[in-house]
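One structure below.
Because the structure is a prediction, the values reported are computed rather than measured.
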Amino acid sequence: MSFLTIPSQEGLFTTIKNGKSAEEEQSRSPLDDEDNNNNDDDEEDDDTEDVRLIPRCSPVPRKRGPSIYDETAEYMRIQLALSPGKRVAFADTTGGDLVDVKEFVAFDSDEEEEDSARWEEEEAKYRKPEREPIYHVHPEFNAPTGDALLQAVRNNKVEVEQMSPVENEPLAFTGVIRVLNISFHKAVYIRSTMDNWASHYDHPAEYVQGSNDGDTDKFTFKQTFAPPYITHGSRIEFVVRYETSDGDYWANNSSMNYVVTLHLSYEDDSAQTNMDMQQVRGILKPPKAYR
């Protein structure tokens, strides 16, 4: 079908004849009957009928659906007709709420405490015992001794003489500093860091009474590893500053700084190492003597 083609009108409409109902026949008066008799001849001649044309595509009127009130009334009628044992009712139909929220407070019962204690007891049987770490401080430099020490003191005016761990303090170590006696008023400071010089602190060293030998004096200091720098491989890096009336002098291990490293070990590790060594010795067999 093209755009300008007009469809055929055949079959587009439906004819409906309008007949007279029984109520109209009963409501007719005698006068109306006479008039109708007079006009019978005319009506007989006219072979026409009251016809209405209704398009086939016109909407068909539908029956109106029940309203919410009708549905509710029907629902209540069905509910009343049911027996009491089969009757179903919802909370909202009686004015109640569809949702009921209840809050529960958790509490520990005696059974739960017993189960928890039993579980901890069983877990403790298979839990590895906590290992206590063993700390060791290890200097990463060699302090000069004897004539080499005296020569370094004369050249640099200050030098670290020795370093040793502190008894009963596995995270601490002490050191001895030898300085050249060039001034009566003197002071020695230890500048140290644990975070690779992101921050540093100056700690005064203490003079060792009776250490003067005419040319040199001794000072002592103490350094301690502190959290969070107590893991394996932690380092304390330091230099020495010697203040006199003639000026300041520095000792920095030939520009490499003095470094002390913290090492960690565990008692069971050392026991396992000894056991492995014993097993190795047991596996090895002495060579046979050939004659």
Q | Heavy-atom side-chain contact between Tyr258 and Glu237 under 4.5 Å | A | no
(Q) Quick one: does any side-chain atom of Tyr242 pair with a main-chain N or O of Leu180 as donor and acceptor, under 3.5 Å? (A) yes
**Q.** pair Val137-Phe225: side-chain heavy atoms closer than 4.5 Å
**A.** yes
Q. More than 12 non-hydrogen atoms from neighbouring residues, nucleotides or ligands closer than 6.0 Å to CD on Glu167, yes or no?
A. no
Q: Under the ring-ring contact (aromatic ring centres under 6.0 Å, His included) rule, collect the residues that match up with Tyr229, sequence neighbours excluded.
A: none
Q. So with a 6.0 Å cut-off around CG of Asn142, is the heavy-atom count from everything else above 12?
A. no
Q | Passing option when Arg191 is tested against Asp202, Asn252, Asn257 for side-chain hydrogen bond (donor to acceptor under 3.5 Å, both in side chains) | A | Asp202
Q. Among the clusters formed by ILVMFWY side chains lying less than 4.5 Å apart, do Val166 and Tyr135 turn up in the same one?
A. no
(Q) I'd like to know if the side chain of Ser245 and the backbone of Lys186 have a donor-acceptor N/O pair within less than 3.5 Å. (A) no
Q. Is there side-chain contact between Ile230 and Leu171, with heavy atoms separated by less than 4.5 Å?
A. yes
Q.
Show the nearest heavy-atom pair for residues Thr261 and Val259, with the distance to one decimal.
A. OG1-CG1, 4.1 Å
Q) Just wondering, are more than 12 heavy atoms of other shown residues or ligands nearer than 6.0 Å to CG in Asp147? A) no
Q) Does any N or O in the side chain of His232 come within less than 3.5 Å of the main-chain N or O of Leu264, such that one atom is a donor and the other an acceptor? A) yes
Q.
Any heavy-atom pair between the side chains of Asn181 and Asp217 that's under 4.5 Å?
A. yes
Q) Which pair of non-hydrogen atoms, one from Trp197 and one from Val239, has the smallest distance, and what is that distance? A) CH2-CG2, 4.5 Å
Q: Would you mind reporting whether Val179 and Val188 have side-chain heavy atoms less than 4.5 Å apart?
A: yes
Q) From Ile236 CD1 over to Met194 CE, what is the distance, rounded to the nearest 0.5 angstrom? A) 4.0 Å
Q.
Less than 4.5 Å apart, side chain to side chain, heavy atoms only: is that true for Val160 and Phe141?
A. yes
Q: Could you tell me which non-hydrogen atom of Leu262 sits nearest to which non-hydrogen atom of Pro170, and how far apart they are?
A: CD1-O, 4.5 Å
Q: First locate atom OG of Ser116, then atom CD of Glu121, and finally report the distance between them rounded to the nearest 0.5 Å.
A: 11.5 Å
Q) Going from OG1 on Thr220 to CD on Gln209, what distance comes out if it is rounded to the nearest 0.5 angstrom? A) 12.5 Å
Q. Could you state the interatomic distance from CE (Met163) to NE2 (His138), rounded to the nearest 0.5 Å?
A. 8.5 Å
**Q.** Residue pair Phe238, Phe221: steps toward the ring-ring contact (aromatic ring centres under 6.0 Å, His included) verdict
**A.** CA-CA 12 Å; Phe238 68 92; Phe221 68 94; 5.5 Å; yes
Q.
Can you tell me if Glu206 has over 12 outside heavy atoms packed within less than 6.0 Å of its CD?
A. no
(Q) Is it the case that the side chain of Asn253 and the backbone of Met256 share a donor-acceptor pair, with hydrogens and angles ignored and the cut-off at 3.5 Å? (A) no
Q: Rounded to the nearest 0.5 Å, what's the gap from CG on Leu149 to OG1 on Thr216? Could you check?
A: 8.0 Å
Q. Are any side-chain N or O atoms of Thr244 and backbone N or O atoms of Gly247, one a donor and one an acceptor, separated by less than 3.5 Å?
A. yes
Q: Output, in order, the C-alpha distance, side-chain angles, deciding distance and verdict of side chain to side chain contact (heavy atoms under 4.5 Å, CB included) for Val240 and Phe219.
A: CA-CA 11 Å; Val240 181; Phe219 287 79; over 6 Å; no
Q) What pair of heavy atoms forms the shortest contact from Val208 to Ser211, and how long is it? A) O-OG, 2.7 Å
(Q) Can you tell whether the side chains of Glu161 and Arg178 come within less than 4.0 Å, N to carboxylate O? (A) yes
Q) Is Tyr207 linked to Ile177 within one hydrophobic cluster, defined over Ile, Leu, Val, Met, Phe, Trp and Tyr using a side-chain heavy-atom separation of less than 4.5 Å? A) yes
Q.
Are the side chains of Tyr266 and Ile134 in contact, using a 4.5 Å heavy-atom criterion?
A. no
Q. Of the non-hydrogen atoms in His136 and Ser265, which two are nearest, and what is the gap between them?
A. NE2-OG, 3.5 Å
Q.
Contact between Ser192 and His200 at the side-chain level, heavy atoms closer than 4.5 Å - yes or no?
A. no
(Q) For the CD atom of Gln223 and the OG1 atom of Thr174, what is their distance to the nearest 0.5 Å? (A) 10.5 Å
Q) Where do Lys222 and Glu169 land on the salt bridge (Lys or Arg N to Asp or Glu O under 4.0 Å) test, with the steps shown first? A) CA-CA 11 Å; Lys222 178 181 178 181; Glu169 293 186 36; 2.8 Å; yes
